[in-house]
Amino acid sequence: MTAHDAIVLAGGAAKRLGGIDKPAVSVGGRALLDRVLGACGDAARTVVVGGRRPTARPVRWAREEPPGGGPVAALDAGVRQVDADTVLVLSADLPFLTRQTTHRLLDVLAADAAREGALLTDADGRDQPLVAAYRTEPLRREIALLATEYGSLAGLPLRLLTSELDLARVAADTDPLASFDCDTWEDISTARARIREHGTVLDEWITAVKDELGLELDVDIKVLLDLARDAAHGVARPAAPLTTFLVGYAAGRAAAGGGGPEAVAEASRKATVLALRWAEETDATDGKAEGGGKAEGAEAG
């Protein structure tokens with residue numbers, strides 16, 4: 001993956017939300033800003049343009065001039081703080097943005113040296129300039145030209161900037177919700193309901209827990225669920241959460257010694273084998289008890 005920095009635009013008045021601090025609004029137990037920071041977590045440097053607020057991981061702060069001056073002014077403040085040749089540019093209200101999408105944008109841009117950026121297009125084919133990867137120098141060049149032409153960047157629409165760049169378009173077909181943004185309370189309600197749907201709730205919950213605990217370790221949910229099932233069935237129902245806790249503890253110790261995601265898989269494998277052995281012994285013991293009872297009954301007869 002290309003070395004890169006990230007700029008997250010977290011300003012704006014949020015007028016359709018009553019002027020609240022939109023990046024701090026919680027969706028799935030995490031602030032919108034923290035969700036976006038998770039999607040660009042492997043950036044060498046992350047600059048957040050907007051008012052300072054608590055974040056799940058360290059960032060560098062910047063402020064547009066004038067405050068509330070719009071996205072081009074905010075982007076100008078952000079690019080002044082980055083060093084990498086490539087920069088992700090993201091808005092702070094994208095609850096479903098993932099690293100899969102940000103990596104895809106970076107890969108598309110890296111694959112074509114002639115392009116100056118790669119931006120996502122939504123399901124209707126509309127450009128999403130705040131879900132994009134750009135080459136830093138062309139971005140700085142065009143911002144400087146706009147400042148010269150208009151005298152100020154305040155209030156300028158992003159299309160004036162992107163129309164001057166040679167951009168690749170990346171369809172959101174593999175991640176159709178990546179560009180879903182939260183401009184209204186209805187949008188927020190939709191996002192909150194969506195992450196609780198049956199097919200997504202476990203992934204969302206595990207991601208939220210990892211974020212809360214400051215964990216970067218990948219977790220194979222199916223492996224852990226299978227282990228919990230085997231422990232509950234072969235031993236006793238309370239064995240399921242206790243076993244998975246011990247697996248996590250063991251994996252953490254292994255990771256501290258230089259292990260990675262494979263530490264969870266290995267600890268899960270060992271615990272699963274133990275649970276299956278336990279179940280086999282239980283079944284065998286029960287079978288002998290039943291057989292012995294019948295034999296004694298037959299002799300008595």
Side-chain angles (χ1 to χ4, degrees), residues 1-12 36-37 39-49 62 64 69-150 152-181 183:
M1 183 181 56
T2 305
H4 64 282
D5 290 335
I7 300 171
V8 181
L9 304 191
V36 174
L37 292 177
C40 60
D42 42 18
R45 175 181 296 177
T46 300
V47 180
V48 179
V49 184
E64 71 272 28
V72 179
L75 195 49
D76 176 51
V79 296
R80 294 174 184 270
Q81 300 284 342
V82 299
D83 291 328
D85 293 336
T86 301
V87 61
L88 285 169
V89 174
L90 309 167
S91 63
D93 61 350
L94 303 166
F96 303 117
L97 184 67
T98 64
R99 290 197 190 188
Q100 176 185 1
T101 295
T102 56
H103 289 180
R104 188 177 173 207
L105 291 166
L106 291 165
D107 290 344
V108 168
L109 181 57
D112 190 345
R115 297 288 191 179
E116 295 174 320
L119 56 75
L120 200 70
T121 58
D122 65 18
D124 296 321
R126 292 173 297 201
D127 287 352
Q128 301 296 317
L130 297 184
V131 191
Y134 298 98
R135 301 197 192 279
T136 307
E137 284 310 312
L139 202 58
R140 289 191 176 119
R141 178 195 71 218
E142 294 304 327
I143 290 173
L145 289 173
L146 286 175
T148 299
E149 181 176 355
Y150 289 90
S152 170
L153 299 173
L156 296 183
L158 272 174
R159 65 176 179 274
L160 289 177
L161 175 63
T162 56
S163 64
E164 298 299 324
L165 296 169
D166 185 355
L167 302 175
R169 267 71 182 179
V170 179
D173 48 358
T174 59
D175 197 359
L177 290 174
S179 63
F180 180 95
D181 57 2
D183 288 330

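Predicted model only: the values in this text are computed from it and were never measured. Computation of the quantities below employed the complete heavy-atom set of this structure, encompassing side-chain atoms and omitting hydrogens, waters and symmetry-equivalent molecules.
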Problem set entry | Full working for side-chain contact (heavy atoms from CB on, under 4.5 Å) between Arg135 and Glu137 | CA-CA 6 Å; Arg135 301 197 192 279; Glu137 284 310 312; over 6 Å; no
Seminar exercise, completed: What one should report as the nearest heavy-atom pair of Leu165 and Arg141 is CD2-NH2, 4.1 Å
Problem set entry | Whether Ser163 side chain and Arg159 backbone form a donor-acceptor pair below 3.5 Å | yes
Seminar exercise, completed: Smallest heavy-atom separation, Thr121 atom then Ala171 atom, equals OG1-CA, 3.4 Å
Problem set entry | Heavy-atom closest contact (Leu37 atom, Thr46 atom, distance) | CD2-CG2, 3.7 Å
Problem set entry | Flag, side chain of Arg115 to backbone of Val108, donor-acceptor distance under 3.5 Å | no
Exercise. Counting N and O atoms only, with roles assigned by atom type, does the side chain of Tyr134 sit under 3.5 Å from a partner on the main chain of Leu167, one being a donor and the other an acceptor?
Worked result: no
Exercise. Where do Leu158 and Pro129 come nearest, in terms of heavy atoms and distance?
Worked result: CD1-CG, 3.9 Å
Exercise. To the nearest 0.5 Å, how far apart are CG in Asp42 and NE2 in His4?
Worked result: 4.5 Å
Exercise. Would a distance-only check, ignoring hydrogens and angles, find a side-chain to backbone donor-acceptor pair under 3.5 Å from Thr136 to Ala84?
Worked result: yes
Exercise. Is the backbone N or O of Asp124 less than 3.5 Å from a side-chain atom of Asp122, with the two atoms forming a donor-acceptor pair by type?
Worked result: yes
Problem set entry | Distance (rounded to the nearest 0.5 Å) between Thr2 OG1 and Leu88 CG | 10.0 Å
Problem set entry | Neighbour count above 12 (heavy atom, 6.0 Å) for Arg80 CZ | no
Exercise. Counting only N and O atoms by type, is there a donor-acceptor contact under 3.5 Å from the side chain of Thr102 to the main-chain atoms of Cys40?
Worked result: no
For this session: Might you work through the side-chain contact (heavy atoms from CB on, under 4.5 Å) test for Ile143 and Val79, ending with a clear yes or no?
Result: CA-CA 10 Å; Ile143 290 173; Val79 296; 4.2 Å; yes
Problem set entry | Minimum side-chain heavy-atom gap Leu153-Leu75 below 4.5 Å | no
Exercise. Should Glu164 and Leu145 be marked as a side-chain contact (heavy atoms from CB on, under 4.5 Å) after you check the CA-CA gap, both sets of side-chain angles, and the distance that decides it?
Worked result: CA-CA 10 Å; Glu164 298 299 324; Leu145 289 173; over 6 Å; no
Exercise. Which pair of heavy atoms, one from Val48 and one from Ala10, lies closest together, and at what distance?
Worked result: CG1-CB, 3.7 Å
Problem set entry | Between CZ on residue Arg169 and CG on residue Leu119, distance to nearest 0.5 Å | 5.0 Å
Seminar exercise, completed: side-chain contact (heavy atoms from CB on, under 4.5 Å) test vs Leu94 passes for just one of Leu177, Leu130, Val131, Val8, namely Val131
Problem set entry | From Val170, Asp175, Asp127, residue fulfilling side-chain contact (heavy atoms from CB on, under 4.5 Å) relative to Leu120 | Val170
Exercise. Is it the case that more than 12 heavy atoms not belonging to Asp85 sit under 6.0 Å from its CG atom?
Worked result: no
Problem set entry | Gln100 CD to Leu105 CG distance, which is reported to the nearest 0.5 Å | 11.0 Å
Exercise. Can you check whether Ala77's main-chain N or O pairs, donor with acceptor, with Glu64's side chain at less than 3.5 Å?
Worked result: no
Exercise. Which heavy-atom pair separates Ile7 from Gly78 by the least distance, and what is that distance?
Worked result: CD1-C, 3.5 Å
Exercise. In Å and rounded to the nearest 0.5 Å, what is the CZ to CG distance from Phe180 to Asp93?
Worked result: 9.5 Å
Exercise. Hey, does the side chain of Asp5 reach the backbone of Asp83 with a donor-acceptor pair shorter than 3.5 angstrom?
Worked result: yes
Exercise. Distance-only, no hydrogens or angles: does the Arg45 side chain make a donor-acceptor pair with backbone N or O of Gln81 under 3.5 Å?
Worked result: yes
